[in-house]
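See below for the structure under consideration.
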Amino acid sequence: MKNTLKTMGISYDWNREISTCSPEYYKWTQWMFLQLYQKGLAYKKKAVVNWCPSCATVLANEQVVNGKCERCGTEVIKKELSQWFFKITDYAQQLLDDMNLLEEWPERVLTMQRNWIGRSEGARVRFSIAESNETVSVFTTRPDTLFGVTFFVLSPEHPMVEKLTKGTSFEEPVRRFKEEIAKENISEKDLAIAEKKGCFIGRYVINPMNLEKVPIWVANYVLMEYGTGMVMAVPAHDQRDLEFARKYHLPVRVVIQPKHKELSNETLQEAYSDEGTMVNSGQFNRLFSSEARRLIIDYLEEKEIGKKEVNYRLRDWLISRQRYWGAPIPIIYCPKCGIVPVPEEDLPVYLPDDVDFKPTGLSPLLSSKKFLYTTCPKCGGKAKREIDTMDTFVCSSWYYLRFCSPHLENKPFEKEELDYWMPVDQYIGGVEHAILHLLYSRFFVKALYDMGYVPFKEPFKRLFTQGMVCKDGAAMSKSKGNVVTPGNIFNQFGVDSTRVMILFASPPEVDMEWSDKGIEGAEKFLNRVWRYVYLSRSIFEETEQSNIQGKAIRKEVKLLERKMHQTIKKVTEDIENRFHFNTAISAIMELLNDLYSYDLKSSQMNRQERIILKNIIEVMIKLLNPIAPHFCEELWHQTGHDVSLYQIQWPQYDQKILQEEEILVIVQINGKLRDKIKVVRNCEEEKVIKLVLGLPKIEKWVRGKKILKTIFVPNKLVNIVLN
RNA sequence: GCCGGGAUGGCGGAAUAGGCAGACGCGCCAGCUUGAGGGGCUGGUGGGCGAAAGCUUGUGGGGGUUCAAAUCCCCCUCCCGGCACCA
């Protein structure tokens with residue numbers, strides 16, 4: 001990889017190269033963990049987590065794509081395990097709010113992050129359970145539909161289910177139902193379309209608004225992980241609840257009527273989830289639903305039966321991995337002292353080298369006795385190390401900070417270096433990192449900011465997302481193995497032709513299907529440049545004095561000079577503002593085409609003209625240099641220069657020469673192109689119109705018609721509107 | 001279902017602030033050069049009508065705004081990406 005990059009002439013500063021899997025680096029990853037741990041942002045909990053059977057490790061939510069493992073594509077299953085998490089949810093709101101600071105990020109990525117965080121506003125409402133002192137709470141985004149609650153649903157995994165059915169005649173059937181659901185084990189992907197199933201549990205809750213008793217069910221469509229693991233069902237205004245109600249013949253009660261039609265409890269086919277006028281809702285009747293929503297929340301708060309609440313879909317970041325690769329989590333378990341963090345001075349906790357890689361489902365580190373057994377830093381007694389390693393996304397969440405001080409030994413980074421380098425001015429990466437690396441890194445910087453380690457809130461000022469390069473319909477990636485090795489193309493066509501081909505194919509932000517069809521064109525272009533310079537080589541021979549007399553510079557030379565300035569402008573702007581190398585290259589091609597087509601014989605040029613042409617050729621080489629550096633460097637030396645092109649200033653364009661003194665003006669009749677005319681720049685309206693009306697083609701169209709009006713856009717166009 | 005982004009010749013793409021649609025390249029066709037091949041050079045190349053000049057049509061489809069729309073607005077179709085029984 002490094003060799004390929006070097007071969008391609010990509011100018012990284014290899015002095016700053018770091019390797020996240022080296023102890024010098026992961027020492028500081030472990031240090032980060034300890035800082036987060038001390039702040040309460042790293043914690044261990046038992047939870048239902050994603051497990052990839054093929055990788056034999058747990059995964060974070062972000063690493064499960066369509067129910068499959070992000071790395072290997074295996075269907076992910078659920079397991080209950082005790083694992084380490086980073087409390088990214090503490091930063092959910094800040095991650096959303098600070099998107100304002102990310103003005104130069106693509107909207108697409110911000111949207112993806114917004115979706116992922118999934119903020120929803122609503123209320124938490126407490127319901128008491130009938131014939132009991134217990135209460136339960138639900139989260140709802142629609143407190144205005146509270147009067148429409150006709151049943152209550154718990155997730156089958158909810159601990160309350162057992163509690164509420166214990167010792168009743170429902171205990172057995174509910175248990176059987178839970179087993180049935182668990183057995184089905186539908187994948188995450190199919191969950192959305194799976195049939196709704198439920199079971200009444202024999203108990204009731206009291207609706208705090210109207211004190212109605214409504215039955216409690218368990219059903220497979222309620223997620224344990226979101227909200228409180230239970231929902232208040234409002235079938236009239238929620239499609240899922242309606243489907244369930246119709247299947248089990250539960251009542252439906254409309255509490256919001258839309259403007260132009262009247263909904264009926266009996267015939268309702270589709271839940272109405274928009275706004276409307278409140279009905280069947282006691283003192284809130286006749287209010288508009290959005291208004292009622294506010295007032296009901298006030299009412300809930302006043303009566304202390306609920307409160308306004310914001311819920312996020314974002315889950316905490318599960319960072320434990322049962323893999324060898326990754327920094328060991330610097331934690332020691334002591335039978336006396338419990339969970340003890342490894343003291344900073346004992347870092348790094350080295351990855352052992354005597355491990356057995358048999359996939360056991362437990363971390364390979366377990367097999368290293370040397371690693372596992374240690375002493376407790378607190379009491380000195382016998383203790384065991386945490387055997388899981390950290391998600392490698394932890395390593396990559398802060399590497400850009402390390403780049404600022406890559407070899408520092410006593411600290412992860414130097415404050416002065418951060419001040420100088422950070423935040424990153426321009427970050428470039430694939431869109432596939434939108435909610436993985438980019439979200440994690442933002443979280444890290446926010447946490448480090450709050451701890452006073454970094455003086456900025458966002459790591460990356462400007463983000464550019466490259467399109468994905470696909471092959472055989474799938475994104476090219478190391479893990480999928482459908483990568484093109486550029487070696488063969490280099491050998492056959494050379495590195496610079498390959499660079500031209502890649503850059504010319506399409507602008508970098510779009511996805512593209514890999515094709516090397518353009519390689520021959522790229523090679524042809526470079527050959528044409530080479531040949532032109534070669535044919536004009538006498539220009540560069542100082543000794544040869546022009547014996548052509550005369551000072552007049554021919555029009556062709558002037559035109560070429562202007563074209564050169566236009567090209568400088570175009571190439572500079574395309575590269576600087578948009579990374580659009582494809583159009584930059586095409587501009588250079590145009591310049592070259594012009595050079596060929598004017599066919600100036602250097603032997604027939606006077607001194608002035610030779611100086612201009614020489615400059616044009618040199619500028620062309622300079623402009624092409626970022627695209628084909630090896631080629632240009634060689635040409636540069638071939639044309640008699642000793643200093644490397646890298647030390648040469650980027651060419652500047654001259655605004656005055658840039659502008660054409662004769663402008664081609666478009667002549668339209670009723671908006672249709674009919675003719676073109678050349679006029680001097682900034683020619684006044686009356687003059688141009690007069691000229692235009694004198695054109696034979698235009699005269700033909702205008703004859704016998706009445707001119708209703710004329711549109712004049714200076715230096716651009718004339719449009720004559722006829723009846 | 002919701003949220004983004006798209007759709008322009010045979011192909012990759014261009015048109016950056018509403019003003020020449022198809023820059024540049026690939027491919028293809030014809031010609032020149034060459035013993036041949038390769039290479040190079042010249043010309044042509046969205047569709048229709050035409051010998052040509054030219055006319056006409058044309059940026060996924062339909063409607064609209066405008067003197068003027070690939071570009072702005074509304075509706076629809078399809079493709080890609082994200083989220084998705086998220087209460």
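In what follows, chains are A, B, ... by sequence order, proteins preceding strands, each numbered from 1. Hydrogens, waters and symmetry mates play no part in the numbers below; they use all other heavy atoms, side chains included.
- Rounding to whole angstrom units, NZ of residue A:K672 and C1' of B:rC55 are separated by 10 Å.
- The aromatic ring centroids of A:F244 and A:F151 lie less than 6.0 Å from each other.
- When heavy atoms are screened at a 4.0 angstrom cut-off, A:D574 is found touching base atoms of the nucleic acid.
- Residue A:N719 is classed as a base contact, given a heavy-atom separation below 4.0 Å to a base.
- A donor-acceptor contact shorter than 3.5 Å is absent between the side chain of A:R142 and the backbone of A:V234.
- Heavy atoms of A:V222 sit under 4.0 angstrom from at least one base atom.
- Across all strands shown, B:rA68 forms no Watson-Crick or G-U wobble pair with both distances under 3.5 Å.
- In this structure, the side chain of A:N220 does not engage the main chain of A:K196 through any donor-acceptor pair within 3.5 Å.
- Side-chain nitrogen and oxygen atoms of A:K196 include none within less than 4.0 Å of the OP1 or OP2 phosphate oxygen of B:rC85.
- For the pair A:R537 and A:Y534, the distance from NZ or CZ to the six-membered ring centre is under 6.0 Å and the angle to the ring normal is within 45 degrees.
- Pair assignment for B:rG81: B:rC3, on the basis of Watson-Crick or G-U wobble contacts that are both within less than 3.5 Å.
- Pairing for B:rG50 is absent, with no Watson-Crick or G-U wobble pair whose two atom distances lie under 3.5 Å.
- For A:K716 and B:rG18, the shortest distance from a side-chain N or O to OP1 or OP2 is not below 4.0 Å.
- Here B:rG13 presents its P atom at 10 Å from CD of A:E509, a figure rounded to the nearest Å.
- Looking at heavy-atom distances under 4.0 Å, A:G521 makes contact with sugar-phosphate atoms alone, never a base.
- In this structure, B:rA17 is classed as syn because its glycosidic torsion stays within 90° of zero.
- In terms of position on RNA chain B, the residue among A:T140 and A:Q668 whose nearest nucleotide sits closer to the 5' end is A:Q668.
- Put simply, the side chain of A:H580 never gets that close to the backbone of A:E573: no donor and acceptor are under 3.5 Å apart.
- Here the separation of B:rC55 from B:rG50, taken at their C1' atoms, is 9 Å to the nearest Å.
- Residues A:W217 and A:Y248 place their aromatic rings such that the two centres sit under 6.0 Å apart.
- Put simply, A:N593 has no side-chain N or O that comes within less than 4.0 Å of OP1 or OP2 on B:rA23.
- Ranked by how close their nearest RNA chain B nucleotide is to the 5' end, A:E225 and A:N527 are led by A:N527.
- The side chain of A:E590 approaches B:rA23 more closely than any other nucleotide in the set B:rA23, B:rC20, B:rC67.
- In this entry the distance linking CG of A:N115 with P of B:rA84 reads 9 Å, nearest Å.
- Base orientation of B:rG9: syn (glycosidic angle within 90° of 0).
- Relative to the side chain of A:N220, the nucleotides B:rC67, B:rC55, B:rC85 differ in distance, and B:rC85 lies closest.
- Look at B:rC86: it lacks any Watson-Crick or wobble partner with both distances under 3.5 angstrom.
- Closest contact between the side chain of A:R531 and the listed nucleotides B:rG40, B:rG13, B:rG82 involves B:rG40.
- In this structure, the CG atom of A:L314 is 13 Å from the C1' atom of B:rC86, given to the nearest Å.
- In this structure, the CE atom of A:M224 is 14 Å from the C1' atom of B:rC86, given to the nearest Å.
- The same atom, P, is picked in B:rA69 and in B:rG46; the two are 22 Å apart, to the nearest Å.
- Listed nucleotides B:rG19, B:rC26, B:rG82 differ in distance to A:I435; the shortest reach to its side chain belongs to B:rG82.
- Of the C1' atoms belonging to B:rG44 and B:rG22, the separation is 16 Å, rounded to the nearest Å.
- The nucleotide B:rG22 finds no pairing partner, because no Watson-Crick or G-U wobble arrangement with both distances shorter than 3.5 Å includes it.
- For the pair A:R528 CZ and B:rC41 C1', the interatomic distance rounds to 10 Å; values are reported in whole Å.
- Going from the C1' atom of B:rU56 to that of B:rG4 covers 39 Å, rounded to whole Å.
- Between the P atoms of B:rU65 and B:rC74, the separation comes to 15 Å (whole Å).
- Candidate nucleotides B:rA21, B:rG19, B:rC86 were compared by shortest atom distance to the side chain of A:V713, and B:rG19 ranks first.
- Of the candidates B:rG4, B:rG13, B:rC24, B:rG4 carries the atom nearest the A:R108 side chain, counting heavy atoms from C-beta on.
- With distances taken from any side-chain atom of A:T583 to the nucleotides B:rA14, B:rC3, B:rC24, the minimum falls on B:rA14.
- For the 3.5 Å distance criterion, the side chains of A:E243 and A:Y221 fail to qualify, holding no donor opposite an acceptor.
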I would like to know whether A:D316 and A:T89 meet side-chain hydrogen bond (donor to acceptor under 3.5 Å, both in side chains); could you show each step before the answer? CA-CA 6 Å; A:D316 275 340; A:T89 51; 2.6 Å; yes
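- Comparing the C1' positions of B:rG6 and B:rC76 gives a spacing of 16 Å, expressed to the nearest Å.
- A donor-acceptor pair under 3.5 Å is absent between the side-chain atoms of A:K563 and the main chain of A:D594, judged by distance alone.
- Nearest to the side-chain atoms of A:R674 among the listed nucleotides B:rA21, B:rU56, B:rG19 stands B:rU56.
- Separation of the C1' atoms belonging to B:rG27 and B:rC49 is 27 Å when rounded to the nearest angstrom.
- Each of B:rC86, B:rA21, B:rA15 was ranked by its minimum atom distance to the side chain of A:R240; first place goes to B:rC86.
- Pair check for B:rU45 finds B:rG27; Watson-Crick or G-U wobble, both atom distances under 3.5 Å.
- By the 4.0 Å N-to-carboxylate-O rule, A:E590 lies too far from A:K570 to be salt-bridged with it.
- At a cut-off of 3.5 angstrom, the base of B:rU16 holds at least one donor-acceptor pair with the side chain of A:K570.
- Listed pair A:W701 / B:rC55 meets the phosphate criterion, a side-chain N or O lying under 4.0 Å from OP1 or OP2.
- Across all strands shown, B:rA17 has no partner, as no Watson-Crick or G-U wobble contact with both distances under 3.5 Å is found.
- Among B:rC83, B:rG54, B:rA87, the nucleotide with an atom closest to any side-chain atom of A:K697 is B:rG54.
- Look at the C1' atom in both B:rG54 and B:rG60: the space between them is 30 Å, to the nearest Å.
- Within the 4.0 Å cut-off from OP1 or OP2 of B:rA87, not a single side-chain nitrogen or oxygen of A:R124 is found.
- The base-pairing partner of B:rU34, taking Watson-Crick or G-U wobble contacts with both distances under 3.5 Å, does not exist among the strands shown.
- Across all strands, A:S120 comes closer than 4.0 Å only to sugar-phosphate atoms, never to a base (heavy-atom distances).
- For the pair A:I720 CD1 and B:rG19 P, the interatomic distance rounds to 20 Å; values are reported in whole Å.
- For A:K676 against B:rC20, a side-chain N or O and a base N or O form a donor-acceptor pair under 3.5 Å.
- Nucleotide B:rC24 holds its P atom 16 Å from the CE atom of A:M620, rounded to whole Å.
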